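Since the structure comes first, as structure tokens, the remarks are kept for the end.
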Amino acid sequence: MNFRIEGLSKSFNKKQVLKDVTFNFESGKIYGLLGRNGAGKTTLFNCLNKDMRYDSGNVFIDEGSQTRGLVADDIGYVLSTPTVPEFLTGREFLKFFLDIHKKNLKDIKNIDEYFEFMSIAKEDRDKLLKDYSHGMKNKMQMLINIIAEPNILLLDEPLTSLDVVVAEEMKELLKSVKKDRIIIFSTHIMDLALDLCDEIVLLHNGELEIVDKENLGSSEFKEKIIAALREDYE
């Protein structure tokens, strides 16, 4: 499966944030979408998720010899600030999600198996979500997107504010579920992208560009990225 973006553009008033973006993503990979704050990473995600109307362009999924347009079930979107119903407990929220999506879900497991998968302690499973830490809310948001098994998982800086232990757990989780799907991981932290991702994609000057990883982690590689990002300020 491939996910193609062709000629995607988006402007706000006279400022063009996305400029004829064209790119091809392949399944089985985690892509690091790297860009400075304000480069347009969240705008791109909102356009792909159809939360925001783009000005021109289109998006497609290639499945073997067939090409089709993107539908809502293709996309999972994990926001940087977790959005969960805080009046429910973790167990109630997960049960509600499973109940309303059961017709479309495959191989539904026992609720506690899902909690175990996300390393959520037994004593936390029946707490109200309002009493969850930021990291635990983030885990719940990630969990429902993994259960839904979307073809494309958009992650908008989901690890930035997590503690070290939770961030490492989430990184290992993402590596374990990347098979047969496309994960696009937005961040402005270069070392995080280098550590987690199979491919690095740079968003600068409103365009997407893949960065050659031949010298991944070398000072020359990092300097190339920094130089490109610096252009956005000039």
Side-chain angles (χ1 to χ4, degrees), residues 1-10 17-18 20-35 39-54 56-83 97 100-101 103-107 117-118 138-160 170-188 192-193 196-203 206-211:
M1 179 190 67
N2 286 358
F3 171 47
R4 286 187 292 121
I5 303 175
E6 292 189 356
L8 196 70
S9 296
K10 176 64 182 178
V17 178
L18 303 175
D20 194 30
V21 171
T22 298
F23 202 83
N24 184 64
F25 297 92
E26 300 175 0
S27 63
K29 292 183 178 182
I30 301 175
Y31 289 84
L33 178 60
L34 198 62
K41 301 186 299 296
T42 299
T43 296
L44 175 62
F45 279 2
N46 286 335
C47 287
L48 297 180
N49 196 46
K50 298 188 177 179
D51 289 334
M52 183 181 292
R53 181 176 296 179
Y54 41 86
S56 61
N58 217 327
V59 290
F60 303 95
I61 285 184
D62 295 324
E63 297 174 312
S65 60
Q66 294 186 332
T67 296
R68 62 173 177 82
L70 203 66
V71 297
D73 288 344
D74 285 319
I75 295 280
Y77 191 4
V78 178
L79 306 172
S80 56
T81 301
T83 303
F97 177 82
I100 63 174
H101 292 283
K103 290 183 179 179
N104 300 318
L105 297 178
K106 305 172 186 175
D107 187 28
F117 179 68
M118 294 301 291
N138 198 293
K139 280 187 174 185
M140 292 299 295
Q141 186 178 234
M142 186 78 76
L143 176 57
I144 61 171
N145 278 279
I146 289 173
I147 292 172
E149 296 186 332
N151 287 316
I152 302 158
L153 185 57
L154 306 176
L155 308 175
D156 192 2
E157 306 207 29
L159 307 186
T160 303
M170 297 290 269
K171 284 193 287 185
E172 291 306 310
L173 173 66
L174 291 173
K175 291 176 183 178
S176 73
V177 301
K178 70 178 182 178
K179 183 181 178 182
D180 299 326
R181 74 182 67 188
I182 294 163
I183 299 177
I184 308 175
F185 184 96
S186 160
T187 183
H188 62 279
L192 176 58
L196 175 63
C197 302
D198 301 297
E199 301 284 355
I200 304 296
V201 182
L202 200 59
L203 178 59
E207 300 176 347
L208 287 182
E209 174 191 354
I210 197 158
V211 181

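All residue numbers refer to positions in the sequence shown, counting from 1. None of the values given here were measured: they were computed from a predicted structure.
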Would you check if the side chain of [X] reaches a backbone N or O of [Y] as a donor-acceptor pair within less than 3.5 Å?
{"X": "Ser27", "Y": "Asp180", "answer": "no"}
{"X": "Asp74", "Y": "Val71", "answer": "yes"}
{"X": "Lys10", "Y": "Arg53", "answer": "yes"}
{"X": "Lys41", "Y": "Ser186", "answer": "no"}
{"X": "Gln141", "Y": "Leu79", "answer": "yes"}

I want to check something: taking the side chain as every heavy atom from C-beta on, are [X] and [Y] in contact at a cut-off of under 4.5 Å?
{"X": "Phe185", "Y": "Leu174", "value": "yes"}
{"X": "Asn2", "Y": "Glu26", "value": "yes"}
{"X": "Leu48", "Y": "Ile5", "value": "yes"}
{"X": "Thr42", "Y": "Glu157", "value": "no"}
{"X": "Phe117", "Y": "Ile146", "value": "yes"}

Nearest non-hydrogen partners of [X] and [Y], listed with the distance:
{"X": "Ile200", "Y": "Ala193", "answer": "CD1-O, 3.6 Å"}
{"X": "Ile184", "Y": "Phe45", "answer": "O-CZ, 3.5 Å"}
{"X": "Gly40", "Y": "Leu18", "answer": "O-CD2, 4.0 Å"}
{"X": "Tyr31", "Y": "Asn24", "answer": "OH-O, 4.3 Å"}
{"X": "Ser9", "Y": "Tyr54", "answer": "O-CB, 3.5 Å"}

message: When you compare the side chains of Asp62 and Thr67, does any donor N or O come within less than 3.5 Å of an acceptor on the partner?
response: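 Yes, side-chain donor-acceptor contact under 3.5 Å.
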- request: Check the surroundings of atom CZ in Arg68: do more than 12 heavy atoms from other residues, nucleotides or ligands lie under 6.0 Å from it?
  value: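 Yes, enclosed.
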